[in-house]
Amino acid sequence: METWVRRPSTPNRLVLDVTRRCNLRCAMCKTWEAPAGHELTPDELGALMDQLPGLTWLDVTGGEVFLRRDAHALLTTIAARARALKILHYPTNGWFTRRVVDTTTALRDQYGERLDLIITVSVDGPPDVHDRIRGQRGAFERALATFEALRALDGVDVYLGTTITPFNADAVDALGELLRARVPGFQDREWHWNWLQVSGHFFNNAALASEARVRPRQLVREHVRRRGPPTGLVDMMELLFLVNLEFYQRGEPSGVTCQSLRSTAFISPEGDLYPCHVYDRPLGNIRERPIAELWHSREVLDARADIERLACGGCFTPCEAYPALAGAPRQTLAATARRALKLVVEASS
């Protein structure tokens, strides 16, 4: 709520990329092709958490987080040192089921009363489609096994995550049917959707820029219908995102002010500070300067000014859209109400 009225003294939401390495070879993400640098250690990440007294929302991502042998120490150190943290989210491709479940269980047992633990397991289509996109036979079954094991844990919110791309758009309906058949009681509200995103510094997939223009809108509309009315805060945020995504795909600006470098930021595995996971504009390194100093530097303030006037190009990806929607409630309510009404009118005409 602080960000509704002013820019905090340090970020209160962070996307923390902890490795470029991945055991899979995904068609839409080329992070695994980037040279692996000197990754931040658990001790360095703990020291970073000490410098972020207002951090309440953290996304730990990769690469594949659990490819790091010290993933357990990394995540538990973050949870212990980030004193104000309320939401800890991390995605996984689900290959390392035991590591994921053991670490999540430990986090829940030790910090579950303070933290909302949210885990997203990536699934891109039925087995043949998923395995082809991910470049590894058996990847689908491993991912589904990890999802079901996490789903059985009390006190943990787990979702399947699908990135809609030209490689799987025609298979999404079949995936939904398979999930409802394979997973007892599965509901579409457990299914998070993303869209193909292009990023030079994060996904290393700038060559796919032309593919990102493929936006089959009807898929989103049907997904909103199947999800039904929201039943909780996360569900509400998902609905707000999907309704506004529909119109962003039509070519409208999001209508909601981005929070990058106002309340949120991105840090690379080597400690480089970026505005977000899309905007390829390095602003300094936390190994060389404290994050509070970087946060108030001329480089960061100039980048924030460019973001406000959309010199970055603008985007509406979940990593940036969710904090934008939460950080600008008046804009969010106005834009969403107008667009939801338009969808109702279109459906009835």
Side-chain angles (χ1 to χ4, degrees), residues 8-23 31-32 34-93 95-96 98-119 156 201-202 261 263-277 282-297 299-300 319:
S9 58
T10 53
N12 60 24
R13 187 263 182 173
L14 195 66
V15 177
L16 182 60
D17 185 8
V18 296
T19 186
R20 300 184 190 280
R21 294 175 291 140
C22 188
N23 57 301
T31 183
W32 51 272
H38 178 33
E39 297 168 346
L40 293 169
T41 67
D43 286 343
E44 287 177 310
L45 292 171
L48 173 63
M49 297 301 108
D50 292 342
Q51 299 173 46
L52 296 168
L55 183 68
T56 58
W57 177 356
L58 178 64
D59 292 279
V60 179
T61 188
E64 170 53 40
V65 174
F66 289 92
L67 191 60
R68 284 189 60 153
R69 293 285 182 178
D70 60 355
H72 182 97
L74 182 155
L75 287 166
T76 53
T77 297
I78 285 171
R81 304 274 284 270
R83 300 292 185 178
L85 195 63
K86 301 297 182 186
I87 299 172
L88 176 58
H89 167 255
Y90 43 92
T92 176
N93 61 34
W95 189 266
F96 303 101
R98 192 73 269 146
R99 292 185 200 172
V100 177
V101 173
D102 288 349
T103 298
T104 302
T105 301
L107 288 167
R108 181 205 60 183
D109 291 348
Q110 192 163 1
Y111 304 104
E113 292 186 5
R114 173 168 64 88
L115 285 179
D116 288 332
L117 290 173
I118 304 175
I119 302 94
V156 174
H201 76 88
F202 180 40
L261 299 182
S263 62
T264 77
F266 176 100
I267 294 178
S268 78
E270 301 80 27
D272 293 314
L273 177 70
Y274 289 84
C276 66
H277 75 298
L283 300 165
N285 190 284
I286 63 166
R287 280 175 164 150
E288 300 169 359
R289 298 167 68 185
I291 192 166
E293 181 181 319
L294 285 171
W295 187 244
H296 295 284
S297 68
E299 298 94 328
V300 167
C319 286

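Reckoned from all heavy atoms, side chains included, excluding hydrogens, waters and symmetry mates.
Within the structure, salt bridge (charged side-chain N to carboxylate O under 4.0 Å, His left out) pairs that include any residue of residues 75-93 comprise Asp50-Arg81 (at least two apart or interchain).
Closest approach of Pro91 to Thr61, counting heavy atoms only: CG-OG1, 3.6 Å. Across all non-hydrogen atoms, the minimal contact from His89 to Asp59 is ND1-OD1, 2.7 Å. The minimum heavy-atom distance linking Arg20 with Ala34 is given by the pair CD-CB, 4.0 Å. Between Phe266 and Leu14, the closest heavy-atom pair is N-CD1, 4.4 Å. In terms of heavy atoms, Ile87 sits closest to Leu85 at O-CD1, 3.5 Å.
Under the 3.5 Å distance criterion, the side-chain polar atoms of Trp295 are matched with a main-chain donor or acceptor of Pro8. In this structure, Arg289 contributes its side chain and Gly284 its backbone to no donor-acceptor pair below 3.5 Å. Between the Gln51 side chain and the Pro290 main chain, no donor and acceptor come within less than 3.5 Å of each other. In this structure, the side chain of Arg287 does not engage the main chain of Gly271 through any donor-acceptor pair within 3.5 Å. Between the Glu44 side chain and the Thr41 main chain, a donor and an acceptor come within less than 3.5 Å of each other. Not one N or O on the side chain of Thr19 forms a donor-acceptor pair closer than 3.5 Å with the backbone of Gly62. Within the 3.5 Å criterion, the main-chain N or O of Ala73 finds a donor-acceptor partner in the side chain of Thr76.
Residues forming a side chain to side chain donor-acceptor pair (under 3.5 Å) with Ser268 (at least two apart in sequence, or on another chain): Glu270. Listed by chain and residue number, Gln197, Glu320 satisfy the side chain to side chain donor-acceptor pair (under 3.5 Å) test with His277 (two or more places apart in sequence, or in another chain).
The side chain to side chain contact (heavy atoms under 4.5 Å, CB included) test with Leu75 singles out one residue from Leu107, Asp70, Val18, and that residue is Leu107.
Here Thr104 contributes atom OG1 and Ile119 contributes atom CD1; the two are 4.5 Å apart, rounded to the nearest 0.5 Å.
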